[in-house]
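Remember, it's a predicted structure, so these values are computed and weren't measured experimentally.
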Amino acid sequence: MHSKPDPEIKQILDFLSDVAQNNNRPWFLANKARYDQAKVAFETMVARLIIGIGEFDPSVRHLQPRDCTYRFYRDLRFTQDKSPYKRHLGAYICAMGKKSYHGGYYFHLEPSHCMLAGGCWEIPSKALHALRDTIIGREKEFAGIVEDREFKALFPTITTDPLKQLPRDVPRDMPHPEYVKCRNYVVCSMLPDNFFRTGWTDELLRRCRIMKPFIDFANDVVDDYI
């Protein structure tokens with residue numbers, strides 16, 4: 001017997017799908033009640049995730065959904081796309097806040113583009129160089145994390161935008177040169193819309209738990225620079 005789709009997730013994804021087709025102020029104002037319902041449903045999920053992640057990462061227990069979620073209204077100042085509203089809802093569950101360089105857990109709902117991600121994004125240059133140096137010095141420990149069978153199955157790459165060449169000061173004979181070609185140390189697991197059926201929260205938390213040693217390794221270095 002197949003489990004049933006989560007009705008709250010379906011409500012959110014249906015609303016976001018309609019936003020993508022009608023991304024204008026008159027439509028949004030006419031459907032403001034649907035947005036309010038989707039926002040409440042999403043914040044309820046985020047609260048549940050904070051509690052669940054807090055079971056194995058106590059550093060996030062103090063967070064509230066408002067600490068982790070983002071405005072739905074787009075910043076139009078520096079883009080040619082003047083659509084006023086985002087096409088997704090996202091939450092960054094991070095102990096030091098959603099604008100921090102400290103690594104955390106990112107949950108993203110968007111029709112056909114849902115995902116779980118985590119790590120350190122847009123790391124300052126000094127911290128990035130220090131993290132690369134630390135990986136070189138502790139390569140065996142880092143490999144034990146990112147080459148773990150469960151981790152690798154969920155998160156096959158450790159960055160979204162690798163360098164084409166090794167940084168100049170990196171040993172050319174290191175066993176895993178891809179570890180230091182990262183501009184950002186971020187892993188990502190795409191989630192098909194049918195992922196969100198009965199029991200999806202437990203599976204998402206399992207993936208966050210598997211992700212945690214990677215985040216901890218990066219934070220051990222990055223936190224010295226924030």
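In this structure, Asp36 pairs ionically with Lys32, as a charged nitrogen and a carboxylate oxygen lie closer than 4.0 Å. With salt bridges taken as basic N to acidic carboxylate O contacts below 4.0 Å, one links Glu147 and Lys152. Salt bridge Arg197/Glu203: absent, no basic N to carboxylate O contact under 4.0 Å. With salt bridges taken as basic N to acidic carboxylate O contacts below 4.0 Å, none links Lys10 and Asp6. Ion pair Glu178/Lys181 not flagged as a salt bridge, since none of the NZ, NE, NH1 or NH2 atoms sits closer than 4.0 Å to an Asp/Glu carboxylate oxygen.
Put simply, the side chain of Phe217 reaches to within 4.5 Å of the side chain of Ile135, judged on heavy atoms. Side-chain contact check for Phe107 versus Phe42: some heavy-atom pair is nearer than 4.5 Å. Under the 4.5 Å side-chain criterion, counting only non-hydrogen atoms from C-beta, Lys212 is in contact with Tyr105. By the 4.5 Å heavy-atom criterion applied to side chains, Met174 and Ile136 are counted as neighbours. Using a 4.5 Å cut-off on side-chain heavy atoms (C-beta onward), Leu89 and Glu110 make no contact. The closest side-chain heavy-atom distance from Arg132 to Pro167 is below 4.5 Å. With contacts defined as side-chain heavy-atom distances shorter than 4.5 Å, the pair Val170/Pro177 does not qualify. At a threshold of 4.5 Å between non-hydrogen side-chain atoms, the residues Arg87 and Leu16 do not count as touching.
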Contacts under 3.5 angstrom, residues 60-68 side chains, donor-acceptor by atom type, not counting sequence neighbours:
{"residue": "Arg61", "atom": "NE", "partner": "Gly54", "partner atom": "O", "Å": "2.7"}
{"residue": "Arg61", "atom": "NH2", "partner": "Gly54", "partner atom": "O", "Å": "3.0"}
{"residue": "His62", "atom": "ND1", "partner": "Ser59", "partner atom": "O", "Å": "3.1"}
{"residue": "His62", "atom": "NE2", "partner": "Ala95", "partner atom": "O", "Å": "3.2"}
{"residue": "Asp67", "atom": "OD2", "partner": "Gln64", "partner atom": "N", "Å": "2.7"}

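Nearest heavy atom pair, residue His102 against residue Ser100, reads N-OG, 2.9 Å. Nearest approach of Leu76 to Asp81, heavy atoms of both residues: CD2-O, 3.8 Å. Between Ile158 and Phe142, the shortest heavy-atom contact is CD1-CE2, 3.8 Å. Looking at every heavy atom in both residues, Gln11 comes nearest to Ala41 through OE1-CB, 3.9 Å. Closest of all the heavy-atom pairs between Cys120 and Val222 is SG-CG2, 4.0 Å. Considering all non-hydrogen atoms of both residues, Val180 and Tyr185 come closest at CA-OH, 3.6 Å.
Side chain of Thr159 to main chain of Asn184: a donor-acceptor pair is present (N/O by atom type, distance under 3.5 Å, no hydrogens or angles). No donor-acceptor pair closer than 3.5 Å links the side chain of Arg74 to the backbone N or O of Tyr85.
Residues meeting the salt bridge (charged side-chain N to carboxylate O under 4.0 Å, His left out) test with Glu141, sequence neighbours left out: Arg138. Partners of Asp173 under the salt bridge (charged side-chain N to carboxylate O under 4.0 Å, His left out) rule, at least two apart in sequence or in another chain, do not exist in this structure.
Taking the centre of each ring, Tyr225 and Tyr101 stay at or above the 6.0 Å mark.
In terms of hydrophobic clustering, with Ile, Leu, Val, Met, Phe, Trp and Tyr side chains grouped at heavy-atom distances under 4.5 Å, Tyr179 and Val186 are assigned to different clusters. Cluster annotation: Ile51 is not connected to Met211 through the hydrophobic network of ILVMFWY side chains, with a link wherever side-chain heavy atoms come within less than 4.5 Å. Under the 4.5 Å side-chain heavy-atom criterion for grouping Ile, Leu, Val, Met, Phe, Trp and Tyr, Ile226 is connected to Ile123 within one hydrophobic cluster. Tyr73 and Val19 end up in the same hydrophobic cluster when Ile, Leu, Val, Met, Phe, Trp and Tyr side chains are linked at under 4.5 Å. Under a hydrophobic clustering in which Ile, Leu, Val, Met, Phe, Trp and Tyr are joined whenever their side-chain heavy atoms come within less than 4.5 Å, directly or via other members, Val221 and Trp121 fall into different clusters.
The list of side chain to side chain donor-acceptor pair (under 3.5 Å) pairs with a residue in residues 186-195, not counting sequence neighbours, reads Ser189-Arg207. Identified under the side chain to side chain donor-acceptor pair (under 3.5 Å) test for residues 17-29, with sequence neighbours left out: Asp18-Arg34.
Atom NZ of Lys82 sits in a crowded spot, with more than 12 heavy atoms from other residues, nucleotides or ligands closer than 6.0 Å. Counting non-hydrogen atoms of other residues, nucleotides and ligands closer than 6.0 Å to CZ of Arg168 gives a total of 12 or fewer.
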Might you work through the side chain to side chain contact (heavy atoms under 4.5 Å, CB included) test for Cys114 and Phe195, ending with a clear yes or no?
-> CA-CA 9 Å; Cys114 300; Phe195 172 89; over 6 Å; no

When you look at His88 and His113, which way does the side chain to side chain contact (heavy atoms under 4.5 Å, CB included) test go after all the steps?
-> CA-CA 9 Å; His88 67 272; His113 297 284; over 6 Å; no

Would you check, one step at a time, whether the test side chain to side chain contact (heavy atoms under 4.5 Å, CB included) holds for Arg206 with Ile210?
-> CA-CA 6 Å; Arg206 184 186 76 86; Ile210 291 170; 3.3 Å; yes

Verdict with supporting geometry, Met45 and Ile12, side chain to side chain contact (heavy atoms under 4.5 Å, CB included) | CA-CA 11 Å; Met45 291 170 199; Ile12 293 170; 3.6 Å; yes

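Met115 shares a hydrophobic cluster with Tyr70, Tyr92, Tyr106, Met190; the chain of contacts runs through ILVMFWY side chains whose heavy atoms sit under 4.5 Å apart.
Rounded to the nearest 0.5 angstrom, Lys39 NZ and Phe15 CZ are separated by 11.5 Å.
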